Amino acid sequence: MILYILIGVLVLAVLGCVCVVWASRGGPRWVRAVAMVTLLGGEAVRAGQRRSRRRSGGDTFTGDYGGGSD
């Protein structure tokens, strides 16, 4: 069941990206609307990531892969 949900989300994301490209080339009004929703959704995700990163104290990447000293 979760696989179908993930596939559905992936299909929606791909179709949203197609609409963004088509709208940039002057597509119909409904394509521009779908593209706007897609871009706003991306902005919302990025804003959420910035907020959670700020709350957790910065970047979690330290550059250390856990290897021993050589």
Side-chain angles (χ1 to χ4, degrees):
M1 180 64 185
I2 190 76
L3 181 63
Y4 293 127
I5 293 171
L6 291 175
I7 290 172
V9 168
L10 179 64
V11 167
L12 287 174
V14 168
L15 290 176
C17 292
V18 168
C19 286
V20 168
V21 172
W22 189 7
S24 71
R25 297 174 182 247
R29 189 182 317 173
W30 67 269
V31 171
R32 291 192 297 266
V34 172
M36 185 184 314
V37 169
T38 302
L39 292 173
L40 289 174
E43 281 296 320
V45 168
R46 281 192 294 273
Q49 287 176 342
R50 280 190 293 252
R51 238 180 325 210
S52 69
R53 194 178 310 139
R54 200 175 313 132
R55 223 177 309 151
S56 67
D59 268 341
T60 57
F61 180 72
T62 62
D64 184 15
Y65 295 108
S69 62
D70 290 340

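No experiment lies behind these values; they were computed from the predicted model shown.
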Taking only distance into account, with no hydrogens and no angle test, what donor-acceptor pairs under 3.5 Å do side-chain atoms of residues 26-34 form with protein atoms, sequence neighbours excluded?
unit_1, atom_1, unit_2, atom_2, d
R32, NH1, G27, O, 2.5

What is the minimum heavy-atom distance between A35 and C19, and which atoms define it?
CB-O, 3.7 Å

Applying side-chain hydrogen bond (donor to acceptor under 3.5 Å, both in side chains), can you list everything that pairs with R46, at least two apart in sequence or on another chain?
E43

Pairs touching residues 5-23 that satisfy side-chain hydrogen bond (donor to acceptor under 3.5 Å, both in side chains), sequence neighbours left out
none

Below 3.5 Å, can you tabulate the donor-acceptor pairs from side chains in residues 8-16 to any protein atom, sequence neighbours excluded?
none

Other members of the hydrophobic cluster containing L39, with the 4.5 Å side-chain heavy-atom rule, please.
V20

Other than L40, which residues form its hydrophobic cluster under the rule that side-chain heavy atoms must be closer than 4.5 Å?
M36

Got a sec, which residues hit side chain to side chain contact (heavy atoms under 4.5 Å, CB included) with A44, two or more places apart in sequence or on another chain?
none

